[in-house]
Structures are given as structure tokens and as C-alpha cells.
Amino acid sequence: MTQDTKVVPLTLRCEYGENPRGIGEANPRFSWKYSDAAAGARQARYRITVGTAPNQGDLWDSGEVASDQSLFIEYRGKPLRSRQAAFWQLQTWDDQGVSTKSGLGMIELGLIDPDKDITAKWIQTDLVGDEKTSPAVPCLRKTFDLQNIASARLYISALGLYEAYINGKRVGTSHFRPGWTDYNKRVQIDTFDVTALLKQGGNVIGALLGDGWYCGFVGFRNKRNLYGDRPRLLAQLEVTDADGKVTVINSDDTWNWSPSEIVSSDILMGETVDARKKVDDWASNDAPAGDWKKVAVADKPKAKIVCPKGPPCRVTDQIKPIADPALDPTDAQKKRWIFDMGQNMVGVVRLKVKGPAGTTVRIRHAEMLDRDGSMYVENLRDAKATDYYTLRGDTNGETFEPKFTFHGFRYVELSGLAEPPTRDTVTGLVIHSDMELTGHFECSDPLINQLQHCIQWGQRGNFLDVPTDCPQRNERLGWTGDAQVFAPTACFNFDTAGFYAKWQDDLLDSQGENGDSPSFAPTFDFHHDGGPAWADAMIIVPWSAYRAFDDKRLLETHYDSFKRYVDFLEKGNSIDLIRCHPDQAGWRGYGDWLSPDSGDPGRAATPRDLIGTAYFARCAFLLAEIAQRLGKREDEMAYRDLHERVKAAFVKEYLSPGGRLVGDTQTGVLLALAFDLVPKEHRARVEKQLVNLVHDRGDHLCTGFVGTPLLLPTLSAIGQTELAYKVLMQQGYPGWLFTIVQGATTMWERWNSYTKDKGFGDAGMNSFNHYAYGAVGEWIYSTIGGIAMDQNAYKRSIIAPVPGGGITSAKCSVKTPYGLLATDWKDAEKSFELTLIVPPNTSARVTLPIDAKATFTVNGESPTSSAGVSKVEGNAFDVVAGKYQIRASK
Ligand code: BGC
């Protein structure tokens, strides 16, 4: 019985975004978010209608469905075709019968049947580089006539990187398209609405075509041409006129090409532009005749052509230098100017300069300055990360922005300028996958705030189409171990649902015939099995994303590959269920990578087989959980059984009869406890072992990539949050705040990548933007901020802030798929105050950090009589959606 209709703004999403265009799902999924957190707001029913026109509902009417589900509801209407646009609307009812109507949502499918849909040809030019150098970037173009334009779509892709233009205007705002995939297996095709760019009469379509990952330098091998020797373009422009007639302008042998002013371009090496060669208006009708050659039609790639799932890269921020440029003190000629951007960032520099034609400005990038004040570039290894711009001599000045390269830097050095620069000469354009920032944390301790800042900037710099280890040196690969440990934190910080859905496809494409999973994805000719804690990303990353966003299809789509992977662990990677068994030949993984103990002969390393077996157990457990969620009962039982067997093998191999763990390192013990491998009767002893191992190091961590993410959560789980705070708050080596005190603005690869005392660590592997240790973010959000997940996507959350480490207040929030979940607390000697916002259509269990017998009020009333509060038990209680002021006296 509907009593009333109110229009509460609802945010409508389809698949991974609002009003998506060019999606590849024939059965897209609908989600929505309420903006009103009125107490008790709980959805009781919904109805979705989808139609070919607004308010039509001719494609699907779900009818009224009694359900509180508001995420990923699958379309079940008439089959949707390639290119189909549809409008959708939503009506919901809360448990009081009050109804809410949404505005209009839009979806549009891309080309989902590529063999039929794509009539354009792949085209290429004569420009080819060699083993060491990249060639000029070509511009490709075609002119054509149009009449009576009603609407137009451009479907476009490349092997390489494209930037498209119509009538001189850039199409879209994304960078590095069509993104990085294993081009032998999968290539993404983008969809743009280009109606507004076209005109009656003569038109021009054009594209610049960069080498990118396809044939530029990739990774640490110093090799080019990983996938092919030159880039190719695919463009299909479909223009519908007022009568519904469609004209298609395809890339084919009628296109022409000419070298552009980009003389060379490479992701790792940088970009060189000679502006004197620039042909103005090359992509418009005003272009001079010029010297254009005919393109060649290339073979169709064997790869699948797919619509993108993840967000494209975009410029998300612009940064100005924090001080006036200063001359490099080591430059006797006084020609090198250094700018400090104040933040280690990833992207490019926009240069604004004036000078005579032929003046060449060199732009170098560095994360740090050397002791003598010059640029520290040794850690870039073979990545030259240098751009060059030769001026054409415009009297009004000229602007340069590289297109097909990116750099990781805080400092910018310019040389070759015709006149001294000012702060305005450079702007840092921050580029990364355009995900919504969802997490916020701040507290009374400025060092912890800077750590949070470093974690979020570490993610911004390294979520660039794939989750990379680092963005600056000749590496920048989707290392699976780093990605796996950081995934839970990543899901707090940003809406990574689409980003991870795309990367999971990269993992799938990288899976070996034998079921193994790689060190990095997209992968190439590197030894295959990524080994313990790396390869396991195959299951752990999608599990983290599923928990954070409730994206069940992600699990369904990849279920088979998960099974093949766990099968490999059992049959191809272990002896008697001990993974990477010492008797096993060959590769046994990276161990507890970069543990401060490594290289110290006096210290035992965490055995690789122990890490391997612990992770094997974890993957078997998660696969059983996944099978259960997908209703695969038999599989579930089989993986639960496997999990028990691996656990038993672990105990037999690594736990002494007296209950002492043989891998007597922080990381060894952490794995056993965090992955629940220790039988109940021995837990107390092993917990004590962990505490002692931390005390042995003066309450410092001595963990690497594998142990560090587990340390604070495990200490908290065993009732040692105070000790966890001690470890976190250490300002000495090794530890998080050590790097902060040394001046970090992003996470570093090593705790001592740089120290004020000793300078730089080994330049061979010394990144200043490596997010892995930022995995501590999960603990910061959940323990200091007090926000954790119980049911997926925070349908039910756990609110349990635990003050400590001298922190007296904290504000934390997450824009969950249901809406804003926020805590704001103040801890004083005699009182604890918490303001809590629980999003609509969700609930939470709150536990206050006060004695179970202490008294508290909720919204000024006793908890037992306060609206929205139930199940009060001592210092804990349940709440429904709403805003709560909680005051406790201690
Ligand atoms: C990367 C790491 C990666 C590791 C594998 C390094 O070169 O930068 O982050 O996980 O190799 O051990």
C-alpha cells in the first residue's frame, strides 16, 4: 500500500558507472544509491523499467519485487543488441510503504558482436622503429561528406595508443587508450558520442597513433616490440541521419597518413616534439594540402575485441610548483632550472614557453633531488623519462603536453630555455584511471595523516589502467603480489570495481595452460608461475573486490580459472600439499620480498614453502567460500575438504608438537595466525610467539611484502591493538612513520629508500612510489577510523573504533555502494564521543571503546529507548540507517 511518493535523489548506476556508453554486457546490471540517510530508511520493494524511450518500459518491466537488494540487479528483458540505447527508471518503496521515483538513467551498448559489427579495417603506416628507437608518431586521416546528421558514434581502437580528432577537435578526454591488455588475446574498443563534432558538408576524422605498450619499451627487459612492430588503428564512425539511414566511415585503404610533429614517443623513454613540423588543422578541412601517403590495410588481429569494463585514464588534477624554480646548484653553465611540485605524482608536465623557433627545451623528471641539489635519476634505471620540445617560435608563446608517455616525479628540470622560467612555466597534470575517490581518513596525529596521504597518492600513481608496482623506472608492471596485498585498502580509497573487473580479465589472459598464474599481468615472456603471495592474486583480488562491491558476476565469470588455479596448486605446485616443497625443483617464489632481514646472514628468512602452503590454504578456503556464494554445493564441499587437508599438512610440517611454529619469523607466525592455520589448542602459544617476535625487535616490524599487511590486523585480532599502535607509531627504522619523517609524499619501495643520515638506498631497486606497504590503510580505516565490513559492500558494517597511540580524535568515511558511511570520534580522559552515519538500506553493529559497564547515550537518550537502536549488550548495539550522536562517560 503506497501512502506517499517522495522524490529522494537516487544515483543510478549501470555496470560500473553512471549512464555508461559502450558497455559490453548483453545483460547489464543496475544499481542505485539513496542520498537520504533518514533513520530506518530501508528498501522493501523495487521496480525497474527499461525502454527504448523515456517512460516506455517496452524492453523490461521487473514488476514490483519484494527485496532490499539495490546493487547489481541483472536485466532480464528483451535481448539487447549491439549499439542499443535504453532508458531506465526505478521506483522503490521503503518498509513504511513510502515510495521513491528516480530520474532517468541511460545505458548504451557498444559493439558486442565484433565479428558481425566491425566492418572497419585495421590500418597502419610505414613508420617503424628499431630495437632501440621509436619512430615518429603518424597522423592518419580521412575526409568525407555528410548531410542531415541526427546522431553519430565513433567506435575506435588501436594496437598501440590512439588520440582521435574530428574536425580538429579532440574526441573525449581519456588518455592511453585503448589501454593495456595482452594484445595477443584481448583488445578494448571505445565508444564515443561524436554527434556534436560533425557538421553538414565536408568533415575530417583523424587520429594520432603512438607505440604505447604495443611496440614501445615495456618493463625491465629493455626490449621494444613486445606485441608487434608498429601500431595499428581501427575506427568505425557510424552516422545516422534524420530518416534513420546510417552512413559508416571506416578505417580502410582510403585513409592517408603523414608523420606528425611527435618525432618519437615512448612510455618509458619520453616524448620528443618538434613544433616546427606541426601541421595546424591537420584533422580539419582547413588543413593545407600537404604530403599525405596512403595507409596500408593490416591483418585483423587474432585477439578478441571487447568493450571496456574499467574507467579510462584521465587528467584528474593539476599541480603547480610549490616554489619558484631554482638553478641546479651543480650546473656551472646556469642553464638547468629545477621545479618542486611538492608531491611525487604521475602524469606529465604541461610546459608554457616562449622563444625563437628551433629552441629545444629538455624536460627531465625525478622523484628526489640528490644531496647536491641536482636531479636524482639513477633509480629510473633505463627509463629515460625525458621529453623534448622544440619551439616553432610563436610570438604569443606555446604550450606542450606530451601525449603518449607518462612519468613518476616530484621534481622537473628544464634546460635549453630561451628565457628564465617562472612558476607558471610548468603545471603537473596528474593522470590515472579515473576512479571515484571514496575513502577519507584524518586524525589528530599529523604523521598518520601524512601516511594516509602517501597511501592514497601511491594508489593514484599506480592505478594507471593496470595496478603497477611503480610508475617511474623501467618496470611499471601489474605485479600480482603488490596488487594482492593492497587490494582491500584500494577498495576503501577508491571505487575500484570496474578497474579490478578489467584487470581480472588481464589475469585470466595471463593464466598458463597448466592453470598457473603469473608474476605480473598483462604478462609476457617471463617465467610463468608467480609463486606464493603473487600468483594468488588470481583469487584474492577478485575476492576483495567482490566483498567491497558485491559484484558476484566477477566471481561467476572467473570461477573456472579459479578452479584451474587451485588445481595447479594441488597437482602442479606442491608435494604432499606442501607448496613449493624444498624437494621441488625450480622456481619457489619471491619469499617475504624486501623483508628488512633479507641479506642478513644472521637472520633466518621465512621459508618459501611455509609462505606457499599458507597461501595454498587461503586460496582453497576462499574458493570454497566462492563456490558457496555461487551455489555450487559439491565444489564447496570439495574445497572445504582440500582446505582442511592443506591445513593439516601445514600443522604437520610447521608446528612442533608443543605448539611452536617452525618458521620463527614475524611473517611466518603471522601467516599461520591470519590464515587460521593453528589448531585451537595451540593458538595461545603461537600468539605469544608473535608478540615475543615483535618485542624482540623493540616493537618494530621486520616484515616484507608478505608479512607487513598482516601485522597490525593480526595483532588486533589477538587482542594486541595497543602493541599494533606501538609498531605503527615507531618513527625509527623500519616502519611506516620512518619514511614519513624522511619526507615521503607517497609510499616507498623500501623503508629506507632514502634516509636523511645515509642518503639513497641501492638505486637498482629504489622506487619512491610503490604502494605495497600502503596495505596498512585497511587497518587504519578499520581500527582507528572504526569502519569495517561485515556483509558485502557494507550492507552491514562493523563500527568499532579503538583509540590508541596517543590519537585523540579521528574522522573517517567511505562512500560505500549504499551511500556514505562515516565516523567522527573524540576520545577524552572521561568521555568518548562518536558521530556515526549509517547509509540507507544498511545496518551496523557498533562497539564502543569503553568499559562494558560504562553508560552512554544515543541521540541524547538511553540506548534502549533511542530510535533505530536495538540489541544493546553492554558497550555494543545494532543500528539501522541514520545519523547518531553517541556520548559515553568513562
Ligand atoms: C617489483 C616488485 C615486485 C617484485 C617481485 C620488483 O621488481 O618492483 O614490487 O613485486 O619485483 O618480487
Side-chain angles (χ1 to χ4, degrees), residues 5-23 25 28-51 54-55 60 62 65 67-75 85-94 98-108 309-312 314 316 433-440 491-501 545 548-553 787 789 791-795 797 813-822 837-843 880-883:
T5 300
K6 55 177 179 172
V7 183
V8 180
L10 288 160
T11 310
L12 301 185
R13 282 167 69 99
C14 180
E15 285 302 309
Y16 302 112
E18 287 176 38
N19 300 325
R21 170 168 288 128
I23 53 173
E25 298 289 343
R29 295 160 301 162
F30 301 105
S31 307
W32 53 91
K33 219 190 239 192
Y34 298 83
S35 61
D36 182 2
R42 195 179 152 267
Q43 177 184 299
R45 282 174 293 153
Y46 70 81
R47 178 180 175 190
I48 300 171
T49 50
V50 184
N55 303 315
W60 186 45
S62 71
V65 182
S67 165
D68 64 351
Q69 195 186 340
S70 58
L71 300 180
F72 291 118
I73 289 155
E74 189 170 302
Y75 173 83
F87 298 84
W88 71 287
Q89 255 178 314
L90 173 75
Q91 185 164 14
T92 65
W93 292 264
D94 69 12
V98 179
S99 110
T100 300
K101 271 190 174 167
S102 76
L104 208 55
M106 281 204 55
I107 55 171
E108 184 177 321
K309 293 179 180 168
R314 291 205 174 89
T316 61
S433 288
D434 191 8
M435 311 161 293
E436 185 190 2
L437 181 70
T438 49
H440 174 83
C491 297
F492 271 108
N493 284 333
F494 286 89
D495 174 0
T496 52
F499 179 87
Y500 280 136
F549 307 110
D550 205 18
D551 181 2
K552 203 163 164 185
R553 187 178 284 171
I787 293 182
M789 200 192 306
Q791 290 168 8
N792 288 356
Y794 304 88
K795 178 77 177 145
S797 48
S813 62
V814 182
K815 289 181 188 162
T816 77
Y818 291 97
L820 187 75
L821 174 60
I837 298 172
V838 177
N841 207 19
T842 74
S843 64
V880 295
K883 186 168 176 181

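By the 4.5 Å heavy-atom criterion applied to side chains, H440 and K815 are not counted as neighbours. N55 has its side chain within reach of Q89: a pair of non-hydrogen atoms, C-beta onward, lies under 4.5 Å apart. Residues W32 and T11 fail the side-chain proximity criterion, which asks for heavy atoms closer than 4.5 Å. Side-chain contact check for Y818 versus P840: every heavy-atom pair is 4.5 Å or farther apart.
Between the side chains of Y46 and D68, no donor N or O sits under 3.5 Å from an acceptor N or O. Judged purely by distance below 3.5 Å, without hydrogens or angles, the side chains of Q43 and Y34 pair a donor atom with an acceptor atom. Defined by atom type and a distance below 3.5 Å, a donor-acceptor pair is present between the side-chain atoms of S99 and Q91.
In summary, E15 and K309 do not engage in a salt bridge, as defined by a charged side-chain N under 4.0 Å from a carboxylate O.
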Just do the side chain to side chain contact (heavy atoms under 4.5 Å, CB included) check on C14 and I23 with the steps written out, would you?
CA-CA 9 Å; C14 180; I23 53 173; 4.2 Å; yes
Would you check, one step at a time, whether the test side chain to side chain donor-acceptor pair (under 3.5 Å) holds for Y16 with D551?
CA-CA 10 Å; Y16 302 112; D551 181 2; 2.5 Å; yes
Using the side chain to side chain contact (heavy atoms under 4.5 Å, CB included) rule, take R13 and R29 through it: C-alpha gap first, then chi angles, then the decisive distance, then the call.
CA-CA 8 Å; R13 282 167 69 99; R29 295 160 301 162; over 6 Å; no
Side chain to side chain contact (heavy atoms under 4.5 Å, CB included) assessment of V50 paired with Y75:
CA-CA 9 Å; V50 184; Y75 173 83; 4.1 Å; yes
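A distance of 9.0 Å separates CD1 in I837 from CG in L821, rounded to the nearest 0.5 Å. Note that OG of S843 is 6.5 Å distant from CD of Q791, once rounded to the nearest 0.5 Å. Once rounded to the nearest 0.5 Å, the distance linking CG of D495 with CD of E436 reads 6.0 Å. Going from atom CZ of R47 over to atom CH2 of W93 covers 6.5 Å, rounded to the nearest 0.5 Å. Atom CG in L12 sits 11.5 Å away from atom CD1 in I107 (nearest 0.5 Å). Summarising the geometry, atom CG belonging to L90 is positioned 8.5 Å from atom OG belonging to S62; distances are rounded to the nearest 0.5 Å.
For the pair K795 (side chain) and N841 (backbone), a donor-acceptor distance under 3.5 Å is present. Listed for the S797 side chain is no donor-acceptor partner under 3.5 Å among the backbone atoms of Y794. With hydrogens and angles disregarded, no donor-acceptor distance shorter than 3.5 Å links the side chain of S70 to the backbone of S31. The main-chain N or O of F492 is found under 3.5 Å from a side-chain atom of T438 such that the two form a donor-acceptor pair. With hydrogens and angles ignored, the 3.5 Å screen pairs a side-chain donor or acceptor of S67 with a backbone N or O of Q69. Checked by atom type and distance alone, the side chain of T496 never pairs as donor or acceptor with a backbone atom of F499 at under 3.5 Å.
In plain terms, the two heavy atoms of A41 and A881 that are nearest each other are O-CB, 3.8 Å. Nearest approach of A822 to S813, heavy atoms of both residues: CB-CB, 3.8 Å. Here the shortest heavy-atom pairing between D434 and P311 reads O-CB, 3.5 Å. The nearest pair of heavy atoms linking I48 to I73 is CD1-CG2, 3.9 Å.
In this structure, the side chain to side chain contact (heavy atoms under 4.5 Å, CB included) partners of D550, at least two apart in sequence or on a different chain, are L71, Y546, N792, A793.
Between F30 and W88, the angle of the ring planes lies from 30° to 60°, which puts this pair in the tilted group.
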